[in-house]
Amino acid sequence: MEIKVKLFAALRKGRFDCEIRDYASGATVSQILSKLNIPENKVSIIFINGRHADLNHELYNNDTVAFFPPIGGG
Amino acid sequence: MDKLHDYLLSNAKDDLLPWTVQVDAAKQFGMTCRMIEEAVLQMGLLPVRYQRNRQTISTNQQLRLFRSKVAVIGCGGLGGYIIEELARLGIGQIVIVDPDVFVEHNLNRQILSSISSLGRSKVEVAEERITKINPVVKVTPVMNALTEKNGKKLLQGMNVAVDALDSIQARLELSEVCKDLGIPLVHGGVAGWYGQVATQFPEDDILKKIYARCKDGNGIESDYGNLSFTPGVVASIESAEVCKILLDQGSYLRHSMLSINLLDMEIVKVQLS
């Protein structure tokens, strides 16, 4: 299935900002992060089609998933 | 009081009152410059320092800012700029909370840090700076960390609290205190080229949503550090949010988060409701 993956802030480093990528049917957010080599603790906000989601969320063809890292400095 | 009014009116240029007149009035009438400033604004006169505010902020709104109380939690990269901007804006009372002293690695970004301030309390240096800029601002420096225990006492009566902290856990504690006290909280965070801002009203849960997955962990600032310009950008947006909340104007970053990427010059607003 085709999933649009959007990466924000430092998650883009060495990767991309937005790409349509192929994943096995039924893939979860957690599996997508693993394929992208992004540790789960480097992601604080997950959106699927503009709605808040969590790691176990299953994706469907043509979904858009977006990841933001935790930013906590001052 | 009539004598004071007459004095101020006769020394005003149009409706503007120079600082020297405020100082003279305070001496003559045995009052503080702060009391004089309130009287000036109540009369519809404007201290000259706010002359460039007036096309955007009316004299009445300037009085509202003067009567406002804002707490800035954290006095480092973000806090230094926020305190500077709020004092220049004319916020009447500012509470500053930070347990730390300035150290050498603060010098790359923290506007209040300097060679001569190394080893000195951040809140004490901030108080001195505010007094130099705008002596009528009442500053309450608190050299302590804000916790859920002492938070209620420190933030009681504030109109807005501003998050200028450097820890996710401390931010979540601040959020809980603000929610309990019914205080709006303006959140900001920075890391390397990146930053974010959001505004939480007491009935909202934005900070929990932002940090739900990393309550006890660090942000990416532990990998990317903090640069000189990112705190200035994020702090200024936080100050603008404070100003709008106090004046009940414009649209806030409520139920949403502004994500700022200065490396790609991309600013996006995402809905978090």
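In what follows, chains carry the letters A, B, and so on, assigned in the order in which the sequence lines appear, proteins first and then strands, with residues in each chain numbered from 1.
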Residue B:Glu104 excluded, over 12 heavy atoms near CD under 6.0 Å: no

Separation between CD of B:Gln271 and CZ of A:Arg51, rounded to the nearest 0.5 Å: 11.0 Å

B:Glu266, part contacting chain A, at a heavy-atom distance under 4.5 Å: side chain

Residues in residues 63-74 of chain A near chain B [non-hydrogen atoms, under 4.5 Å]: A:Phe68, A:Pro69, A:Pro70, A:Ile71, A:Gly72, A:Gly73, A:Gly74

Residues in side-chain contact (heavy atoms from CB on, under 4.5 Å) contact with B:Ile115, at least two apart in sequence or another chain: B:Leu107

Leading residue by heavy atom contact count with chain B [cutoff under 4.5 Å; candidates A:Asp54, A:Ile46, A:Val43, A:Asn41]: A:Val43

Positions in residues 158-170 of chain B that reach chain A, provided some heavy atom is under 4.5 Å away: B:Ala164, B:Leu165, B:Asp166, B:Ser167, B:Ile168

Residues 11-39 of chain A: residues contacting chain B (heavy atom under 4.5 Å, by number): A:Arg12, A:Lys13

Interatomic spacing from NZ in B:Lys209 to OG in A:Ser44 - rounded to 0.5 Å: 14.0 Å

From A:Ile45 atom CD1 to B:Leu272 atom CG, the distance as rounded to the nearest 0.5 Å: 5.5 Å

Selection from B:Gln196, B:His187, B:Arg109 maximising heavy-atom pairs under 4.5 Å formed with chain A: B:Gln196

Verdict with supporting geometry, A:Phe8 and B:Asn261, side chain to side chain contact (heavy atoms under 4.5 Å, CB included): CA-CA 8 Å; A:Phe8 288 88; B:Asn261 175 342; over 6 Å; no

Within 6.0 Å of NZ in B:Lys244, more than 12 heavy atoms from elsewhere: yes

Interface moiety of B:Val268 toward chain A, non-hydrogen atoms closer than 4.5 Å: side chain

Worked check of side chain to side chain contact (heavy atoms under 4.5 Å, CB included) between B:Asp223 and A:Lys42: CA-CA 10 Å; B:Asp223 302 326; A:Lys42 296 292 177 194; 2.7 Å; yes

